Amino acid sequence: MKLTMRLGVRSYDIILKRGVLSRVGQLTNLSRRVLVVSDEGVPQAYRDAILAQCGQGVSVVLPQGEGSKSIACFERLLNTMLEHDFTREDAVLALGGGVVGDLAGFAAACYMRGIAFINCPTTTLSQIDSSIGGKTAINLEGAKNTVGAFHQPCLVAIDPDTLDTLPPRHFANGLAEAIKAGVIADPDLFELFEKGDIKADIEEIICRSLVVKKNVVEKDERENNLRAMLNFGHTLGHAIESISGLGKLYHGECVALGMLPMTESPSVRRRLRTVYKMLGLPARIRYDGEALYEFIRHDKKMGAGGAITVVKAAKLGEVRLEKIPLEDLKTIIGEGIR
Ligand SMILES: NC(=O)c1ccc[n+]([C@@H]2O[C@H](COP(=O)([O-])OP(=O)(O)OC[C@H]3O[C@@H](n4cnc5c(N)ncnc54)[C@H](O)[C@@H]3O)[C@@H](O)[C@H]2O)c1
Ligand SMILES: [Zn+2]
């Protein structure tokens, strides 16, 4: 299946097909220097499949986890490209999850002011969400995505077969972003989760989620307005992720939690909890509400009297941006999600 992200001169194809990992070279030019970025958790067989198609592949295997979205790893990628005489005609290829994608994409955005970036996502989260849209970033001292750039890939090749090796917690984690896509724009997608045969429906789940994101990004690439809808569950989610210590709770798990207080309909909240339970995603958490509130205030650089825009869902498929006083956010945050 092929989707095209239509962004004028920055348009690109998104190919979703079992086995596509061994055919990437037929879809884009790998006959140049290609920096193949993965991490230690990505099975060697996937690296071999990609490197076999590269005439001049240079492989960098990073440590696993959020900690690799760092200045040190960013520097390592840039230095490796410089050592191997990469020019503006060469490319960076990300093979892995959102961590590898965000870091490698940022290195591609910066090296010689921007070189080609190919994304081959291998986690549910990256196949469903992070591999398209062009947001790239690294973390600064534990503050997530503080340094980054918009840099669109030139090809996204998604091979759902790679999900067979993904640990179950990571498999469920990424599905939270698909649930989000369902809530904001595609009730039928949400109902696929209620049907409960996720493995059988995984290609449809990935595809429908990508369509939701693509439709939004095409209208608002740089998040001036509409793209903020994709942040449903993320204001709180991002704060929970950061104050619980980066990497302890995964991104999707935090987004799953963050969607609950922003869902106004009690029946939709109940349905969300049922789906979370089936998937093994967290549906409850206790936290220090004051710390969470302070994190958000600091993160958004706001004084105590400020107002913040949040995304609320009235019902399935119906979300809106709402500007609320910070005091109201404090009430929404409470002391946990129960
Ligand atoms: N750029 C965006 O638009 C965007 C959107 C959402 C999330 N993100 C970012 O994505 C990151 C999270 O991504 P993630 O959830 O993919 O985590 P991840 O990249 O850390 O991958 C999860 C784990 O799975 C392993 N792995 C990857 N593919 C595998 C496979 N096929 N088989 C076995 N193991 C495999 C990795 O080694 C890693 O340990 C966060 O940093 C988040 O901020 C970015
Ligand atoms: Zn997200």
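Predicted, not measured: the structure shown is a model, and the values here were computed from it.
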**Request:** For residues 105-128, pull every pair meeting side-chain hydrogen bond (donor to acceptor under 3.5 Å, both in side chains), keeping only residues two or more places apart or in separate chains.
**Result:**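 Listed once each, the pairs are T123-S126, Q127-T162.
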**Prompt:** For residues 251-262, which residue pairs qualify under side-chain hydrogen bond (donor to acceptor under 3.5 Å, both in side chains), counting only residues two or more places apart or in two chains?
**Reply:**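 For residues 251-262, and leaving out neighbouring residues, the side-chain hydrogen bond (donor to acceptor under 3.5 Å, both in side chains) pairs sorted by first residue read R169-E253, E177-H251, H234-H251, E241-H251.
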Mind checking whether [X] and [Y] sit in one hydrophobic cluster, side chains of I, L, V, M, F, W, Y counted as touching below 4.5 Å?
| X | Y | value |
| --- | --- | --- |
| I332 | M259 | yes |
| V100 | L78 | yes |
| I198 | L192 | yes |
| M262 | V311 | yes |
| L329 | L292 | yes |

Of all residues at least two apart in sequence or in a different chain, which pass the salt bridge (charged side-chain N to carboxylate O under 4.0 Å, His left out) check with [X]?
| X | result |
| --- | --- |
| D161 | R18 |
| D102 | K69 |
| D13 | K2 |
| D288 | none |

Atom [atom1] of [X] and atom [atom2] of [Y]: how far apart are they, to the nearest 0.5 Å?
| X | Y | atom1 | atom2 | value |
| --- | --- | --- | --- | --- |
| S242 | H298 | OG | NE2 | 12.0 Å |
| S59 | L51 | OG | CG | 5.0 Å |
| S38 | L62 | OG | CG | 7.0 Å |
| L21 | C120 | CG | SG | 6.0 Å |
| L260 | L236 | CG | CG | 10.0 Å |
| F295 | H238 | CZ | NE2 | 4.5 Å |

**Item:** Pairs satisfying salt bridge (Lys or Arg N to Asp or Glu O under 4.0 Å), at least one member in residues 74-84, at least two apart
**Value:**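 Matches after skipping sequence neighbours: none remain.
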**Asked** How would you list all residue pairs meeting salt bridge (Lys or Arg N to Asp or Glu O under 4.0 Å) that involve residues 21-48, not counting sequence neighbours?
**Response**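 Sorted result for residues 21-48: R33-D90.
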[X] side-chain N/O to [Y] backbone N/O, donor-acceptor pair under 3.5 Å:
| X | Y | value |
| --- | --- | --- |
| H84 | T80 | yes |
| H151 | I115 | yes |
| N145 | A137 | no |
| D201 | I205 | no |
| S68 | Q64 | no |
| E223 | A228 | no |
| K180 | G233 | no |

**Asked** Could you go step by step and tell me if E218 and K214 meet the salt bridge (Lys or Arg N to Asp or Glu O under 4.0 Å) rule?
**Response** CA-CA 6 Å; E218 283 177 344; K214 173 181 120 67; 2.8 Å; yes
Which heavy atom of [X] sits nearest a heavy atom of [Y], and at what distance?
| X | Y | answer |
| --- | --- | --- |
| Y287 | G334 | CE1-O, 3.8 Å |
| G133 | Y12 | N-OH, 3.1 Å |
| C207 | L16 | CB-CD2, 3.8 Å |
| L189 | A181 | CD2-CB, 3.9 Å |
| A107 | L77 | CB-CD1, 3.9 Å |
| P153 | V156 | CG-CG2, 3.6 Å |

Any ring-ring contact (aromatic ring centres under 6.0 Å, His included) pairs touching [range], not counting sequence neighbours?
| range | answer |
| --- | --- |
| residues 314-338 | none |
| residues 316-338 | none |
| residues 56-80 | F74-F106 |
| residues 186-206 | none |

**Prompt:** Given I179 and Y276, is the side chain to side chain contact (heavy atoms under 4.5 Å, CB included) satisfied, shown in steps?
**Reply:** CA-CA 9 Å; I179 297 170; Y276 292 179; 4.1 Å; yes
Beyond-backbone contact of [X] with [Y], side-chain heavy atoms, under 4.5 angstrom:
| X | Y | answer |
| --- | --- | --- |
| I296 | I333 | yes |
| L210 | I158 | yes |
| I132 | V217 | no |
| S70 | I138 | no |
| E290 | E294 | yes |
| T165 | Y46 | yes |
| R271 | L316 | yes |

**Asked** Heavy-atom count around K330 NZ within 6.0 Å, excluding the residue itself: above 12?
**Response**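 Enclosed: over 12 neighbouring heavy atoms sit under 6.0 Å from NZ of K330.
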**Message:** Tell me if the CZ atom of R338 is crowded by more than 12 foreign heavy atoms within 6.0 Å.
**Reply:**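 Check passes, neighbour count above 12.
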**Message:** Pair I240, I337 - check side chain to side chain contact (heavy atoms under 4.5 Å, CB included), show working.
**Reply:** CA-CA 11 Å; I240 295 170; I337 296 165; 4.2 Å; yes
**Message:** Which residue is it: L35, V24, L30? I am looking for the one with a side-chain contact (heavy atoms from CB on, under 4.5 Å) to C54.
**Reply:**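 That would be L30; it is the only one of L35, V24, L30 passing the side-chain contact (heavy atoms from CB on, under 4.5 Å) with C54.
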**Item:** Partner of E221 by salt bridge (Lys or Arg N to Asp or Glu O under 4.0 Å), out of R6, R227, R10
**Value:**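 That would be R10; it is the only one of R6, R227, R10 passing the salt bridge (Lys or Arg N to Asp or Glu O under 4.0 Å) with E221.
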**Prompt:** Do L3 and M5 pass the side chain to side chain contact (heavy atoms under 4.5 Å, CB included) test, and can you show the C-alpha distance, the side-chain angles, and the key distance before you say yes or no?
**Reply:** CA-CA 7 Å; L3 296 169; M5 179 72 86; over 6 Å; no
**Prompt:** Can you check side chain to side chain contact (heavy atoms under 4.5 Å, CB included) on T263 and F232, steps first, answer last?
**Reply:** CA-CA 9 Å; T263 302; F232 178 56; 3.6 Å; yes
